[in-house]
Amino acid sequence: MKTLLDSDYITVGDKAQIRLFYKTSKGRSIETVSDFKPYFYALAEEDVETLKGDVENLSQVEETKVVEMLWKGRKTNVLKIVSTHPKEVPKLREDVRNLESSLNVFEADIPFARRFMLDSKITPMEHAEDVELNIASVDIEVYNKRGEPNPNRNPIIMISYADNKGFERVWTFKTHEGLGLDYLEVVDSEAEVIRRFVETVSERKIDIITGYNSDNFDFPYIKERSVKTGVKLCLGVDGRELKMERRGMNNGARITGRPHIDVYPIARKVLNIPRYRLEDVYEHMFGIVKPDVNYEDIPIFWDSKDVGEFKTLVEYSLSDVKTTLEISLELLPLEFELSRFIRQPIYETSRMSSSQRVENLLIRKAHSRNILVPNRPSGEQYDSRAGEEKFEGAFVVEPKRGIHDNIVLFDFRSLYPSIIISHNVDPDTLECDCCPEEENKSPAGHKFCTKVDGFIPHVLGDVIKKRMQFKSRMKEIGDEREKRLLNVQQNALKLIANSMYGYYGFERARWYCRECAESITAWGREYIHKAMEFAEKDGFEVIYGDTDSVYITKAGEKDEIIKDAKKFQGKINKELPEAMDLEFEGFYTSGIFITKKRYALMDEQGKLTIKGLETRRRDWCRTAKETQKQVLDALLKDKDPDKAAEIVKKVVEEIKGGGVPLADLAINTQMTRSLGEYVNEGPHIQAVRKAMKKGREFKQGDIITYIQTRKGSSISDRARIIDFVDEGDYDAEYYVNNQLIPAVFRILESLGYSEDELKGLGKQMSLGDF
DNA sequence: TCGTAACGGGG
DNA sequence: GGGTACGTTACGA
């Protein structure tokens with residue numbers, strides 16, 4: 001039994017060689033494939049034989065062949081061009097494109113190793129659950145007193161490590177007497193810390209390394225420090241060094257044959273929570289609040305003579321890596337399954353957006369059905385797609401404003417996929433010549449063929465059928481382990497199925513189809529409307545509805561309401577097409593609805609779900625963030641709008657009184673470029689300029705902590721770096737009008753409070769007047 | 001009203 | 001590496 005962990009290609013002599021990295025029952029093996037050649041297709045302007053003759057005169061062409069492919073649903077003769085080496089393809093592609101006899105080239109932008117995987121029958125991560133992979137997580141602590149950690153100046157003081165076989169380490173180069181931590185390993189220097197980490201990964205035969213935001217923080221940092229301290233970061237199974245890659249605007253830390261997976265982007269894709277800090281994700285997944293250390297305390301605890309403080313730091317470091325490991329072990333099975341399903345290595349798959357996953361699946365399916373893959377849109381095509389007038393999207397009803405109790409949330413999980421399948425929504429079935437005009441016409445006015453099976457509905461149908469098989473096997477099987485795996489598998493397929501609609505409307509998609517996307521939403525509006533009508537017929541009040549979800553309530557006790565809601569659910573589901581299901585999503589004790597897409601709900605545990613009102617960003621001051629939370633608590637827990645208004649009024653007074661500590665008013669903004677590069681200079685940049693005149697230094701990447709003061713003309717002009725501002729010297733008007741009020745006003749406005757009233761101006765207006 | 005810049009995660 | 005995110009919000013002009 002073996003599982004493919006990774007693949008890439010290298011050049012041997014002048015030939016490309018695919019390498020396949022396996023974990024086997026005996027250890028590891030690397031297989032190579034030398035006979036796979038880069039190829040692409042060209043469509044002839046008129047005659048494919050003329051094109052063939054012209055292409056054969058070009059350099060770097062190894063072979064040409066006329067083949068029959070499906071293009072826009074029609075059988076078409078195209079020229080298959082095999083080249084000598086992947087790196088020759090970009091130039092050859094342009095040469096072919098420039099030939100008068102060629103109309104266009106296709107599939108010339110699919111990376112070589114990816115192409116190999118798509119064409120081969122190899123399934124990555126196969127048997128991953130049975131070969132018992134060794135999975136380790138890593139986390140670093142760095143020493144920096146202010147601003148962003150800078151690898152040029154700030155050393156790594158600890159690397160922590162935990163693997164799924166129970167081995168735990170924190171490496172550091174400083175210690176105190178009497179710590180008594182068996183996992184702490186004290187070495188001589190930072191270089192030695194890095195070296196021990198690298199050694200351990202290979203000694204413990206680690207197959208997969210994970211981290212939290214490690215693509216953008218830990219690994220680039222370790223990499224730079226390893227260069228500085230002269231340690232080779234040879235983490236690859238072939239001894240290669242870790243390599244930082246650009247992937248779009250993000251980084252990817254690539255380790256040959258030993259996939260590195262950053263679980264932060266995975267958590268973002270899989271979970272739906274307001275913030276994705278390690279502690280938030282951990283708490284959400286395991287219900288445990290993780291101990292945390294403030295960043296500012298790290299250098300303090302490190303420098304401290306106090307054994308307890310140093311110990312806290314070591315324990316924090318270990319807890320970070322252990323929680324990262326736990327999260328990884330929970331999230332990886334889904335990624336493994338996605339990797340198997342779309343047949344791309346886990347390193348790639350785990351970093352793909354949902355559109356990229358869909359696209360990879362479609363390219364593979366197109367290949368096996370001899371369908372020519374459409375090109376990605378050019379710059380102009382993208383602009384014209386993006387510039388088109390927005391089509392009518394999902395159905396969003398204006399909510400019934402105010403506070404409601406006992407709210408039941410229902411949602412259509414497979415609304416769009418089932419529309420695509422049941423109405424055969426596909427770019428190639430659009431406006432066919434063979435079907436009657438009104439037979440299968442969307443409310444958006446587009447007709448889809450009912451005779452010819454569309455490619456994408458077909459692929460999606462297979463995905464859904466496969467998912468149903470997993471789900472029914474789950475019911476039959478008793479073995480818990482197998483059941484869990486089946487659940488992961490059906491979930492992976494659900495994710496893919498639910499991405500298909502978004503893919504049609506994604507302007508960078510190869511199979512972009514605006515008519516398809518707008519037809520899907522049009523049919524969707526019809527169905528959600530129906531669900532709302534049914535709920536009302538059953539005596540429910542519909543508070544709010546958006547796309548595929550409805551929030552409903554009625555008078556009475558919780559249990560009774562839920563019972564009635566389930567009854568309504570049964571009725572509507574009987575009416576809907578088979579693959580469509582209205583699911584029970586949750587129960588909330590109270591909620592406040594403000595406008596479309598803006599509301600807050602509180603569940604039975606008192607946990608807040610906030611939509612469209614978040615101020616949890618670092619460019620909001622602490623006072624604004626805190627006050628918003630207090631206001632929502634007053635409204636949803638205490639059900640006391642006047643109390644909420646009083647809280648705001650009190651904070652307004654405190655701000656105006658000048659007594660709010662600067663720390664609560666500090667705004668943090670990153671200086672993302674060097675000074676000369678700014679076209680418009682925001683407040684933080686002008687604050688930097690002033691501070692530089694006083695001798696302070698700043699550089700690209702620094703987080704600027706500033707205060708809005710009273711000195712200056714514009715908002716930008718009044719900003720000052722916090723260190724140069726005296727307590728009390730702040731612009732109260734700014735903090736009230738641009739921070740506090742925006743954070744709470746939308747909420748309280750919906751309950752009838754005026755802005756003036758909250759600011760302690762204007763007349764009092766009671767709820768009764770509204 | 002529009003264009004530009006910044007947000008996220010990590011220390 | 002046969003590659004170059006994303007959706008949303010705030011500020012300044």
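The basis for the numbers below is simple: all heavy atoms, side chains too, and nothing from hydrogens, waters or symmetry mates. Letters A, B, ... mirror the listed sequences (proteins, then strands); counts begin at 1.
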Completion exercise
Here the distance between atom C1' of B:dG8 and atom CG of A:Asn216, to the nearest Å, is 10 Å

Handout entry: Rounded P spacing from B:dG10 to C:dT8 in Å
Key = 23 Å

Completion exercise
Separation of C:dC6 atom C1' from A:Lys269 atom NZ, nearest Å, is 13 Å

Problem - Residues which pass side-chain hydrogen bond (donor to acceptor under 3.5 Å, both in side chains) with A:Ser328, listed by chain and number, not counting sequence neighbours - result: A:Thr210

Exercise for the section: Classify the nucleic acid contact of A:Phe506 as base, sugar-phosphate or nothing, counting any heavy atom under 4.0 Å across all strands shown. Expected result: sugar-phosphate

Completion exercise
When A:Tyr295 and A:Arg268 are each assigned the nearest nucleotide of DNA chain B, the 5'-most assignment goes to A:Arg268

Problem - Phosphate-side-chain proximity, A:Arg247 and C:dA5, N/O vs OP1/OP2 below 4.0 Å - result: no

Practice task
Assign A:Phe219 to base, sugar-phosphate, or nothing according to its heavy-atom contacts below 4.0 angstrom with the strands shown.
Solution key: nothing

Exercise for the section: Please identify each residue that fulfils side-chain hydrogen bond (donor to acceptor under 3.5 Å, both in side chains) with A:Arg97, with sequence neighbours left out. Expected result: A:Glu94

Handout entry: Value in whole Å for how far the P atom of C:dG1 lies from NZ of A:Lys243
Key = 7 Å

Practice task
Would you indicate what A:Ile298 reaches in the nucleic acid, counting non-hydrogen atoms under 4.0 angstrom: base, sugar-phosphate, or nothing?
Solution key: sugar-phosphate

Practice task
Would you please name every residue forming a side-chain hydrogen bond (donor to acceptor under 3.5 Å, both in side chains) with A:Asp292, sequence neighbours left out?
Solution key: none

Problem - Contacts of A:Arg514 that satisfy side-chain contact (heavy atoms from CB on, under 4.5 Å) - sequence neighbours left out - result: A:Glu388, A:Phe391, A:Tyr512, A:Glu518

Are any protein N/O atoms closer than 3.5 Å to N/O atoms in nucleotides 11-13 of chain C? If there are, list each pair with its distance.
unit_1, atom_1, unit_2, atom_2, d
C:dC11, OP1, A:Tyr734, OH, 3.4
C:dG12, OP1, A:Ser716, N, 3.0
C:dG12, OP1, A:Ser716, OG, 2.1

Exercise for the section: Using salt bridge (charged side-chain N to carboxylate O under 4.0 Å, His left out) as the criterion, list what pairs up with A:Arg19, not counting sequence neighbours. Expected result: A:Asp8, A:Asp238

Handout entry: Sugar-phosphate, base or nothing in reach of A:Phe112, heavy atoms under 4.0 Å
Key = base

Practice task
Tell me what A:Glu88 touches on the nucleic acid: a base, only sugar-phosphate, or nothing, going by heavy atoms under 4.0 Å.
Solution key: nothing

Exercise for the section: Under the ring pair (Phe, Tyr, Trp, His ring centres under 6.0 Å) rule, collect the residues that match up with A:Tyr501, sequence neighbours excluded. Expected result: A:Tyr416

Handout entry: Whole angstrom value for the distance that separates P of C:dC6 from CD of A:Gln356
Key = 7 Å

Fill in the blank from the handout: note: A:Ile10, atom CD1; C:dG1, atom P; distance rounded to Å ~ 16 Å

Problem - Candidates B:dG10, C:dA5, B:dC7 - which lies nearest the side chain of A:Arg508 - result: C:dA5

Practice task
Select from A:Ser353 and A:Pro90 the residue whose nearest nucleotide in DNA chain C is closer to the 5' end of that strand.
Solution key: A:Pro90

Practice task
Assign A:Asp215 to base, sugar-phosphate, or nothing according to its heavy-atom contacts below 4.0 angstrom with the strands shown.
Solution key: nothing

Problem - Lys/Arg-Asp/Glu bridge criterion (N-O < 4.0 Å) met for A:Lys37, A:Glu63 - result: no

Exercise for the section: State which residues pass side-chain hydrogen bond (donor to acceptor under 3.5 Å, both in side chains) with A:Asp95; sequence neighbours excluded, sorted by chain then number. Expected result: A:Lys91

Problem - A:Thr623 backbone acceptor or donor facing A:Gln739 side chain under 3.5 Å - result: no

Exercise for the section: Remember a base hit wins even if backbone is also touched, and classify A:Asn294 as base, sugar-phosphate or nothing at under 4.0 Å, heavy atoms. Expected result: nothing

Exercise for the section: Write down the distance between CG (A:Asp280) and P (B:dG8), rounded to a whole number of angstrom. Expected result: 13 Å

Exercise for the section: Scan A:Phe116 against the nucleic acid and name what it touches under 4.0 Å (heavy atoms): base, sugar-phosphate only, or nothing. Expected result: nothing

Problem - Between B:dG10 (C1') and A:Tyr282 (OH): distance, integer Å - result: 19 Å

Fill in the blank from the handout: Regarding the side chain of A:Trp620, the nearest nucleotide among C:dG1, B:dG9, C:dA10 is C:dA10

Exercise for the section: Assign A:Arg93 to base, sugar-phosphate, or nothing according to its heavy-atom contacts below 4.0 angstrom with the strands shown. Expected result: sugar-phosphate

Completion exercise
Pairing string of DNA chain C (Watson-Crick or G-U wobble, both atom distances under 3.5 Å; | = paired to other strand) is .....||||||||

Practice task
Mind checking A:Asn144 for me? I need base, sugar-phosphate or nothing, with any heavy atom below 4.0 Å counting as a touch.
Solution key: base

Practice task
Please say whether more than 12 non-hydrogen atoms of neighbouring residues, nucleotides or ligands are located less than 6.0 Å from NZ in A:Lys290.
Solution key: yes

